[in-house]
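Inspection log for the structure reproduced underneath, given as structure tokens.
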Amino acid sequence: MKVKIHFLGGAGTVTGSKFLLETPRHQLLIDCGLFQGIKSLRLLNRAPLSIDYSKLSAVLITHAHLDHTGYLPVLIKNGYKGPVFMTAPTFELTKLILRDSAKILMEEADDANRGNYSKHHPALPLYTLEDVEQTLHHILDCNENEWLSLSKDIKFRFKRNGHLIGSSYLELDVSDKKFIFSGDVGRPGSLYLPAPAIPKRADVLVLESTYGNRLHPASSPKDQLKELINTAIQRGGDVYIPCFAVGRALEIMLLIDALKKEEKIPAVPVVFDSPMGADAIEATSRFPDWHRLNTSALFDLNKDVYFVRAIEETFNIIDRKNAKIVIAGSGMITGGRILHYLKAGIENPDNLIILPGYQAEGTRGKALLDGVSELKIMGNMYRVKAQVAQLENISGHADQKELLDWIAGFRYKPKRVVLVHGENDAAQALAAKIKEIHPLHVDVPELNEVIEFND
């Protein structure tokens, strides 16, 4: 059977993952992510997607993060009427992430209209909470390892990949060909997630390459976090940690909790300002088969961390002068409540901003890493006087060696590898390394490229 893959996102970039698999009788969309980062990418969210919705049979989602699910409400709003398949934990987290995304989009539009800093009059959100609720009606949750048939020629199943609660790689049998879509491959040493499962074989492997040109440092993130926090607290500053509220925030809180119990950092208040993140931790507790945490670990977090829900509490905390550690979304500072804290604290040289994980081009997080002297927040420019540091070795993405080890674990190596979800330098470096080790054909597609698989 002739099979084509259209790379509608997640090609040449780490955001907007959308891969359309086309056969003579069916079209399947694997992931449906939102573009984030530089303006030219964000504008793609407003551009029509080159999909014939009448021919689209199903959407399959590898995990809940916004760059893999955030375009779903637009897809439904534009006419898709079919099912969206994902694991049960992914469904729970997707509800939270999409609702939170809609709220942020609506708030940003309102702020732009009130401040008159948008060239669109009026500024409109990409989608609303009502659009999200319509989207959720299309989602069907699946069990891990359960084969589901879309036709006599196509079946699929989800297998956990260690990146996030519920996250999976996708195994697709299309006639006599086996396709593996890796999703975001996690790491074997996660604080709370089991190591990624490894496929036995694939004819075609569509593999992420976020850290394809890098190795995570051997240093302990716990030790680095200890040094950073102690330095900031000793000089009387606050610590701000912009963090992905789902997944990464939990790891950060577990590290801080361990440091406090070991009396390696002062017993300063820890604030988690993300209603969606708090709900995500509660959802995590309902899926014990997907993580390695015991009940007491989650109970300790709820006891020792102050969870903020109302925005009024955010402003009250900002006004408090005592030293504190604030964890808030979003992870790349593209939106969310961290913006309010940075507005108030970024010009204070005693404060510290810790950036954990990947920072995409065009985001405020990447700008801070690059050492900008000013940052635009909610229409105004602020001088960057606070200290900025990156917390290393906390990423939820496998690095180059870990990705190569994952491929090496296949019983039968893939005949062809396609690298996605990475900046071009990262993808090209990983391609060269794969070909150095294995005699495989490796593709690095560009955005909107189509690759045909008929051998």
Side-chain angles (χ1 to χ4, degrees), residues 1-63 65-80 82 84 126-127 170 172 174 177 179-184 203-210 212-213 334 358 360-363 416-431 441-455:
M1 182 186 293
K2 183 187 294 184
V3 179
K4 297 178 182 178
I5 299 179
H6 303 246
F7 297 88
L8 306 178
T13 178
V14 297
T15 71
S17 289
K18 301 180 197 72
F19 313 113
L20 183 70
L21 186 145
E22 179 188 359
T23 76
R25 288 189 291 275
H26 294 279
Q27 292 187 8
L28 313 175
L29 186 64
I30 291 87
D31 284 337
C32 191
L34 204 64
F35 284 104
Q36 299 167 288
I38 59 176
K39 186 175 182 180
S40 60
L41 286 175
R42 298 197 311 272
L43 288 175
L44 293 175
N45 294 321
R46 301 276 182 174
L49 198 61
S50 56
I51 288 180
D52 183 345
Y53 294 102
S54 67
K55 295 181 180 178
L56 187 58
S57 302
V59 179
L60 313 176
I61 300 294
T62 61
H63 68 284
H65 279 148
L66 199 64
D67 59 327
H68 294 257
T69 62
Y71 194 80
L72 279 171
V74 182
L75 197 77
I76 302 302
K77 189 164 66 169
N78 288 345
Y80 175 61
V84 179
L126 184 64
Y127 50 83
L170 183 66
L172 261 168
V174 183
K177 293 185 180 67
F179 290 79
I180 299 289
F181 287 82
S182 74
D184 290 357
D203 294 299
V204 177
L205 169 62
V206 181
L207 176 67
E208 71 129 317
S209 58
T210 311
N213 59 346
T334 55
Y358 189 85
E361 290 294 335
T363 63
R416 193 166 179 176
V417 178
V418 183
L419 297 180
V420 297
H421 201 286
E423 305 294 343
N424 190 58
D425 289 349
Q428 293 292 351
L430 183 58
H441 182 99
V442 183
D443 296 285
V444 181
E446 297 179 356
L447 187 62
N448 293 318
E449 186 174 338
V450 180
I451 297 180
E452 187 171 312
F453 305 89
N454 55 9
D455 53 4

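Here the straight-line distance linking atom CG of N213 with atom CG of L430 works out to 9.0 Å at 0.5 Å rounding. E423 CD to Q428 CD: the interatomic distance, rounded to the nearest 0.5 Å, is 12.5 Å. Note that CG of L49 and CG of L56 are 9.5 Å apart. Values are rounded to the nearest 0.5 Å. For the atom pair H6 NE2 and E452 CD, the distance stands at 9.5 Å (nearest 0.5 Å).
Shown here are the side chain to side chain donor-acceptor pair (under 3.5 Å) partners of E208, two or more places apart in sequence or in another chain: T210, H397. For the side chain to side chain donor-acceptor pair (under 3.5 Å) test, no residue two or more places apart in sequence or in another chain qualifies with T69. K55 meets the salt bridge (charged side-chain N to carboxylate O under 4.0 Å, His left out) test with no other residue; sequence neighbours excluded.
Contact check for R416 versus I451: side-chain heavy atoms found under the 4.5 Å cut-off. Between K18 and L20, every side-chain heavy-atom pair lies at or beyond the 4.5 Å cut-off. Using a 4.5 Å heavy-atom threshold, the side chains of V204 and V3 count as separate. The shortest distance between side-chain heavy atoms of N78 and Y71 falls below 4.5 Å. Looking at L75 and V84, their side chains never come closer than 4.5 Å, going by heavy atoms from C-beta outward.
Nearest heavy-atom pair, F35 versus L8, reported as atom, atom and distance to 0.1 Å: CZ-O, 3.7 Å. Nearest heavy atoms, P445 versus A11: O-CB, 3.6 Å. Shortest non-hydrogen contact noted between T62 and H68 is OG1-ND1, 3.7 Å. Across every non-hydrogen atom of A426 and S209, the tightest pair is CB-O, 3.4 Å.
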request  = Starting from the C-alpha separation in whole Å, work towards a yes-or-no answer on side-chain contact (heavy atoms from CB on, under 4.5 Å) for F181 and D31.
outcome  = CA-CA 10 Å; F181 287 82; D31 284 337; over 6 Å; no
ask   = What do the steps show when you test L60 against L21 for side-chain contact (heavy atoms from CB on, under 4.5 Å), and what is the final call?
value = CA-CA 11 Å; L60 313 176; L21 186 145; over 6 Å; no
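The side-chain contact (heavy atoms from CB on, under 4.5 Å) test with L205 is passed by exactly one of I180, V442, L419: I180. In summary, of the residues considered (I5, L170, L28, I30), a side-chain contact (heavy atoms from CB on, under 4.5 Å) with F179 occurs for I5 alone.
With a 6.0 Å cutoff to the six-membered ring centre and a 45° limit on the axis angle, K77 does not count as a cation-pi contact of Y127.
Side-chain contact annotation: D67 with S17, donor-acceptor N/O pair under 3.5 Å absent.
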